[in-house]
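Please read the structure below before turning to the comments.
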Amino acid sequence: MSSGEQELARDLGFLEAYTIGLGTMIGAGIFVLPSIAADQAGPASMISFFLGGTISLMAALSLSELATGMPKAGGSYYYVNRALGPFFGSIIGWGMWAGLTFASAFYMIGFGQYLLPGLGQYVGFLAGWGQVGITVAALVMAAFLTAVNYYGVKETGALQNVIVLTLVGLIFAFLGLGILSGPTLGEFNPEGWPAVAATIGTVYVTFIGFEVIATSAEEIKNPSRNLPLAMIASVVTPTLMYVGVMFVSTGTLSIEVLSSSPIPVADVAEVFFGPLGALLMIVGAVLATVSSANASILSAARVNFAMGRDRILVNWLNEVHDRFRTPYRSITATGIITLALIAIGVGVGTLAEVASFMYLVTYALVHVAVVVLRRADPDDYDPSFRIPGLVYPIVPIVGAIACLAVLFQMSVEWVPAELGVAGVRLSLPVTPTPVGAIGTVIVLGGVLWYRFYARDRALSESLLGEAIAPEPTPVADGNGQYRVVVPVANPETERDLLRMAAASAHAHDADNAEVIAVNVIEVPQQTSLSQDLAFEEERVERQQQLLDAARDIAAGLDVGLRTRAIVGRDAGSAILDVIEDEAADHVLVGWQGTRSTRDHVLGSTIDPVIGRATCDATLVKLGPDSGRAEGDIMVLAGEGPHAPVAAQRAAEFVSAAENASLTLFNVQPPATDGSDEDPVQRGEALIDELAQQAGIEYMTYDTHVDVADDVEQAILDAADEYDTICVGATRDNTISQAIFGSLPESVGEHAAGTVVMARGPEESPMSIGEALARRLEV
């Protein structure tokens with residue numbers, strides 16, 4: 001990796017990406033829309049949901065190809081802007097932001113409906129507030145979510161997964177019990193097929209979740225597999241759920257009762273599930289609406305950032321907060337508009353339809369972008385997932401036509417109308433709808449924005465502009481037969497850590513070994529990785545200074561070195577990814593020498609790296625400036641499984657230093673009464689055996705056997721006479737969070753000199769939860 005290039009850590013596995021999309025798609029929609037859809041199309045609304053899902057599935061295929069071809073923050077906006085230029089980029093950018101904002105308001109109204117009329121049946125003070133109460137509840141929660149994202153509460157990401165998995169369980173229970181209760185449908189299509197087609201537009205807001213996945217494409221692990229899989233799964237799952245929910249709902253309650261219910265799913269559940277089931281659905285709906293709105297606010301900020309990056313939007317809106325590291329102005333603006341939409345009383349159905357309208361416009365252009373990029377084949381477009389040849393270009397063409405057809409259906413009523421403009425009477429065969437009018441105004445707003453602001457500022461990076469030179473492929477300085485990964489974060493310790501890593505590299509393959517220096521900039525969940533990178537000039541500059549210094553240091557150590565600059569959510573996870581990517585043989589990590597009192601043993605970054613790395617792992621606490629892995633070096637020659645590894649590390653340091661000495665030290669308990677065995681001889685035998693296991697018997701070293709009752713104290717007393725102490729991990733099979741074991745950690749914490757703790761390529765045992773999460777990340 002050349003200087004100046006940053007990588008974005010891929011923190012999202014399949015489960016995280018899937019739940020991000022699913023969380024939006026099974027949120028308010030599944031709990032609020034059944035009453036609206038049943039009112040418009042009766043039981044045939046099942047067909048509307050199915051067709052909406054089918055249209056979304058085609059869009060998901062096109063988006064998957066685009067997202068794996070150009071994994072950048074911004075999702076559909078970015079792809080359309082690159083393929084079709086800033087004119088359409090302005091339309092899509094404003095359209096997506098408006099769509100997410102209208103969707104957020106829709107979710108919040110759904111929240112108010114389930115909180116007050118819903119929970120009001122069980123909690124007295126929540127009852128009787130009427131529409132005013134619903135609006136106030138929606139405003140309060142919208143303001144709260146805006147504040148949460150403004151302050152950057154990291155735990156919201158993990159909470160999203162819990163909520164989504166809970167909702168999936170509730171909905172499956174609803175479907176299972178509902179179908180067993182024997183629902184019976186009345187007249188299937190009382191309003192006719194035009195109503196079924198129009199209802200697609202109403203319910204389409206439920207299918208915008210996979211777009212949220214695309215906006216996070218840069219952060220998804222193994223994107224060629226996980227991104228299309230997560231998108232397709234997040235469309236198919238809710239489509240089947242919605243069809244099932246409409247079947248159960250319209251087969252359980254009459255259309256009249258269902259269409260008048262503000263909490264339709266809860267009312268249906270009460271019929272066959274009793275009051276407890278209704279309560280569970282209400283609680284689930286409250287959680288779902290909050291989850292959906294939270295995801296929409298996050299996505300809206302990322303679209304804003306992508307527009308700012310392309311200079312289509314003023315960067316003032318994307319400034320990152322100095323303390324909370326979040327795009328606070330963008331989040332605030334999204335929150336204010338959401339509050340305004342709630343306050344002025346836009347109907348819940350209109351909110352849903354406008355959001356649907358804007359996303360149908362977006363997906364129609366996304367399909368066009370796929371065809372344009374395929375035909376243009378720019379250098380920077382190399383999708384790892386392509387729409388299968390058998391259905392290309394059928395999918396993008398049919399998908400675009402389907403989106404336009406639904407848009408047209410939403411925009412007009414099949415009733416003749418007369419318009420009068422400047423005394424001129426105009427007869428129309430159809431009547432424009434309010435939703436069509438609002439959507440058209442937003443689209444025109446994007447056009448005007450381009451004309452008067454973006455046209456002279458937008459960067460010319462579309463296919464019609466200059467060709468973008470391909471990025472050079474990173475080439476290792478050496479051939480990398482033995483690789484040592486070294487996370488660097490502190491200029492004061494960087495040189496010594498790199499010197500130790502170089503000593504290890506030289507000992508294995510002096511000609512081809514290499515050291516890989518890694519630095520990770522951590523950013524909160526609420527901030528796009530690219531966004532933070534763009535506005536973190538000070539931290540990025542500091543990162544580059546660290547890695548530039550690493551290159552200078554490596555030149556003096558006569559070792560090949562590469563650097564990797566990463567921006568990610570979690571430093572430990574990012575470093576583990578580097579170890580896996582590089583097939584590293586050894587990771588060497590610095591430690592301040594203190595143990596955490598809660599949550600972690602040695603630190604939130606060190607614990608996962610040392611515990612999960614599949615290669616040799618070495619932890620170094622640096623002592624005084626002189627004699628760090630130089631001078632007099634002592635190895636604890638114990639019987640632990642990793643003592644030979646510690647001896648190897650010590651031997652590497654001695655070989656790389658001038659005038660260094662090596663001592664193998666062992667502590668033996670005093671002889672017991674009646675024993676003929678000499679403790680010192682026993683210790684000498686153990687040292688000889690260790691030297692053979694470590695392969696250092698050829699070296700010159702001293703031996704020292706101490707006889708004492710208190711092993712730890714004897715080690716600490718002896719440590720004062722040496723510059724560096726090397727100790728192997730004492731445990732290799734524990735379910736506790738201990739990394740090396742109590743004795744090495746205690747030595748590391750209390751010894752005054754440099755302490756090196758080492759273990760071989762063995763991972764700490766994983767908990768069941770960790771194992772499941774890791775499996776799902778692949």
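We count residues from 1, following the sequence as given. The analysis underlying the following values was restricted to heavy atoms, covering all of them including side chains, and did not include hydrogens, waters or symmetry mates. It should be emphasised that the depicted structure is a prediction, and the values quoted were computed from it without experimental measurement.
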Would you say that Leu690 contacts Pro644 through its side chain, given a criterion of any heavy-atom pair below 4.5 Å between the two side chains?
yes

Pairwise side-chain contact, Phe14 with Leu229, heavy-atom cut-off 4.5 Å (strictly under)
yes

Yes or no on side-chain contact (heavy atoms from CB on, under 4.5 Å) for Cys615 and Arg483, after CA distance, side-chain angles and deciding distance?
CA-CA 10 Å; Cys615 57; Arg483 294 187 175 94; over 6 Å; no

Do Asn519 and Ile566 come close enough that some side-chain heavy atom pair is under 4.5 Å?
no

Contact check, side chains of Thr618 and Val756, non-hydrogen atoms, under 4.5 Å
yes

Apply side-chain hydrogen bond (donor to acceptor under 3.5 Å, both in side chains) to the pair Asn294 and Asn149, showing each step before the final yes or no.
CA-CA 8 Å; Asn294 187 56; Asn149 285 282; 2.8 Å; yes

Counting only heavy atoms not in Asp720, do more than 12 fall under 6.0 Å of its CG?
yes

When you look at Gln692 and Asp688, which way does the side-chain hydrogen bond (donor to acceptor under 3.5 Å, both in side chains) test go after all the steps?
CA-CA 6 Å; Gln692 293 179 4; Asp688 291 341; over 6 Å; no

Would Leu498 and Val515 count as a side-chain contact (heavy atoms from CB on, under 4.5 Å) if you check the C-alpha gap in whole Å, the side-chain angles of each, and the deciding distance to 0.1 Å?
CA-CA 8 Å; Leu498 288 171; Val515 174; 3.9 Å; yes

For Arg499, salt bridge (Lys or Arg N to Asp or Glu O under 4.0 Å) partners two or more places apart:
Asp496, Glu630

Within-4.5 Å side-chain heavy-atom neighbours: Val620 and Leu588:
yes

Hey, are the side chains of Met634 and Glu721 touching, using non-hydrogen atoms and a 4.5 Å cut-off?
no

Quick check: are there more than 12 heavy atoms from other residues, nucleotides or ligands sitting under 6.0 Å from CD of Glu580?
no

Compare all side-chain heavy atoms of Ile715 with those of Val667 and state whether any distance is below 4.5 angstrom.
yes

